[in-house]
Amino acid sequence: METFKKLISLKDALVIKNVQGEVERISLTIRKALSEFHRKGLVIGISGGIDSSVSLALAVQAVGKENVTGIIMPEKDSSDDSKILALELAEKFGIKTIEENITAALDGFGCYQRRDEAVSSIFPEYNPDTYSMKIGIKSNSLGQNLPPLFVLTIFDQDGVSQSKTLPPKEFLQIVGASNFKQRCRMSYLYYHAERMYCAVIGTHNKQEIEQGFFVKHGDIGSDVSPIAHLYKTQVYQLAEYLGVPKSIIERVPTSDTYSADQTQEEFFFQMPFYEMDMIWYGYENNLSPEYVAEELGKSTKEIELVYKNFTRKRKTTDYLRSETIKVV
């Protein structure tokens, strides 16, 4: 432990020392993948989020703006800012875009009806025309060493909210219905990729993959993932270097899934990204909770609880990362 401490602090461990070199390394991987797949360009879904923005910038860096197409896929619950920022991003990097409004497709799947059925069973007064909704993790579950408890919150037109703990049946129905959104977007990406003989760029960072913040056979579907090895804070470092618009860098990351506004921290991660990245670094590098606690000015008990939370998330989301089991 002392050797590690003399070499590098926990905060410094997340700093990319040679950002230009890292960008060149990622770009080379993208070009090699494109050559291996025998595809002539890249398709990427863009939403105004930091991860898709950096992935797009890396794609342009690798193969040139003329060989990259951004697909914007809003639906009726999407924030207006998502499309506005996606268009700003596309203009900044000079790529062509295609818009696919997926609301009708989601209606066809019964996405909204199935979700609203579950919401109404908890709040009979809920009407999607006059209420908005979201689900999130109960705020104190992390500090109590408990499995996450999800809470359903609805807002009326005056912004007055009501919240109730979600029973497992209704929680699973809401999540299952909502996941149509990510799977629908993946289908549109591959439609355009196949139509134009292109490969699909993934947009997930290390934390999302390791902790299971993705939809299996949905938004995780891609041909090459340029930032899958990067912590969220490292994604921001590349964003600054690559010239991602400040409006995107400064935007609070959201899930953009439910009709009410919701941050990724509130919905899934339960702590600020910079703090979480440092603790995860300690966790995966077998650093003691005592050392991490000292570095972050926290108690050892707090770090031990977060470590247990990480282990629980890894175990419960292993299924999402698993490959198809084949008979051999």
Side-chain angles (χ1 to χ4, degrees), residues 30 33-34 36-37 39-56 58-59 63 67-79 82-83 85-86 89-90 95-112 114-115 172-228 235 253-258 264 267-268 317-324:
I30 293 173
L34 205 58
E36 180 179 330
F37 297 144
R39 293 297 185 267
K40 63 180 184 179
L42 298 168
V43 164
I44 180 171
I46 52 175
S47 62
I50 190 69
D51 296 316
S52 62
S53 298
V54 169
S55 298
L56 167 63
L58 289 167
V63 302
N67 296 310
V68 180
T69 301
I71 312 298
I72 303 171
M73 294 170 283
E75 45 95 13
K76 71 177 186 179
D77 289 335
S78 300
S79 166
S82 294
K83 179 179 175 180
L85 292 173
L89 177 75
I95 68 159
K96 54 187 175 292
T97 62
I98 297 169
E99 181 175 340
E100 292 278 9
N101 191 303
I102 65 172
T103 300
L106 294 174
D107 266 328
F109 282 126
C111 168
Y112 306 113
R114 297 169 199 265
R115 177 200 66 193
L172 293 173
Q173 183 168 337
I174 291 172
V175 170
S178 301
N179 286 350
F180 276 122
K181 298 183 180 186
Q182 287 78 12
R183 293 187 174 112
C184 185
R185 290 189 173 104
M186 183 272 293
S187 296
Y188 274 108
L189 285 175
Y190 273 95
Y191 162 73
H192 287 292
E194 290 168 0
R195 180 179 64 82
M196 297 186 291
Y197 211 63
C198 290
V200 173
I201 287 284
T203 63
H204 284 79
N205 63 58
K206 179 184 181 70
Q207 290 284 14
E208 291 173 335
I209 293 172
E210 294 290 342
Q211 295 194 44
F213 188 53
F214 62 87
V215 175
K216 190 169 187 175
H217 304 308
D219 53 338
I220 197 66
S222 64
D223 299 310
V224 55
S225 294
I227 64 170
V235 173
T254 68
S255 62
D256 203 25
T257 297
Y258 300 105
Q264 290 183 0
F267 175 64
F268 186 83
T317 62
D318 273 345
Y319 160 74
L320 299 178
R321 290 177 293 273
S322 66
E323 296 183 1
T324 302

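Values below: all heavy atoms of this structure, side chains included; hydrogens, waters and symmetry mates excluded. This is a predicted model, so every value here is computed, not measured.
Summarising the geometry, atom OG1 belonging to T317 is positioned 11.0 Å from atom CD1 belonging to I209; distances are rounded to the nearest 0.5 Å. S52 OG to L85 CG: the interatomic distance, rounded to the nearest 0.5 Å, is 10.0 Å. One distance of note links OG of S225 with CD1 of I201; it measures 8.0 Å at 0.5 Å rounding. To the nearest 0.5 Å, atoms OG1 (T97) and CD1 (I44) are separated by 13.0 Å.
Residues passing the side-chain hydrogen bond (donor to acceptor under 3.5 Å, both in side chains) test with Y190 are D223, sequence neighbours excluded. With sequence neighbours excluded, the residues that form a side-chain contact (heavy atoms from CB on, under 4.5 Å) with E75 are D77, S78, I102, T103, L106, Y112, K181, R185. The ring pair (Phe, Tyr, Trp, His ring centres under 6.0 Å) test applied to Y191 returns no partner, not counting sequence neighbours. With sequence neighbours excluded, the residues that form a side-chain contact (heavy atoms from CB on, under 4.5 Å) with E99 are P74, K83. Under the rule for a side-chain contact (heavy atoms from CB on, under 4.5 Å), the partners of K40 that lie at least two apart in sequence or sit in another chain are Y197. Judged as a side-chain contact (heavy atoms from CB on, under 4.5 Å), and not counting sequence neighbours, the contacts of T254 are R251, D256.
Considering all non-hydrogen atoms of both residues, M73 and I71 come closest at CG-CG2, 3.7 Å. Heavy atoms only, all atoms of each residue included: G212 and L320 are closest at O-CD1, 3.6 Å. Counting all heavy atoms, side chain and backbone alike, V215 lies closest to I220 at O-CG2, 3.4 Å. The shortest heavy-atom contact between T203 and I227 is O-CD1, 3.5 Å. Closest approach of G202 to P226, counting heavy atoms only: O-CD, 3.3 Å. Of all non-hydrogen atoms in T69 and I95, the two that sit nearest each other are C-CD1, 4.3 Å.
Formation of a donor-acceptor pair under 3.5 Å by the R39 side chain with backbone atoms of E194 is not found in this model. Between the side chain of S322 and the main chain of Y319, a donor-acceptor pair closer than 3.5 Å is present. Counting only distance, with no hydrogens or angles, the side chain of R321 and the backbone of E210 share a donor-acceptor pair below 3.5 Å.
The only member of R183, Q182, E208, M186 that meets side-chain contact (heavy atoms from CB on, under 4.5 Å) when paired with D219 is Q182.
Considering only heavy atoms from C-beta on, L42 stays 4.5 Å or farther from N67 through its side chain. Put simply, the side chain of V68 reaches to within 4.5 Å of the side chain of V63, judged on heavy atoms.
Taking the six-membered ring where the residue is Trp, F180 and F109 present parallel rings, their angle staying beneath 30° rather than reaching 60°.
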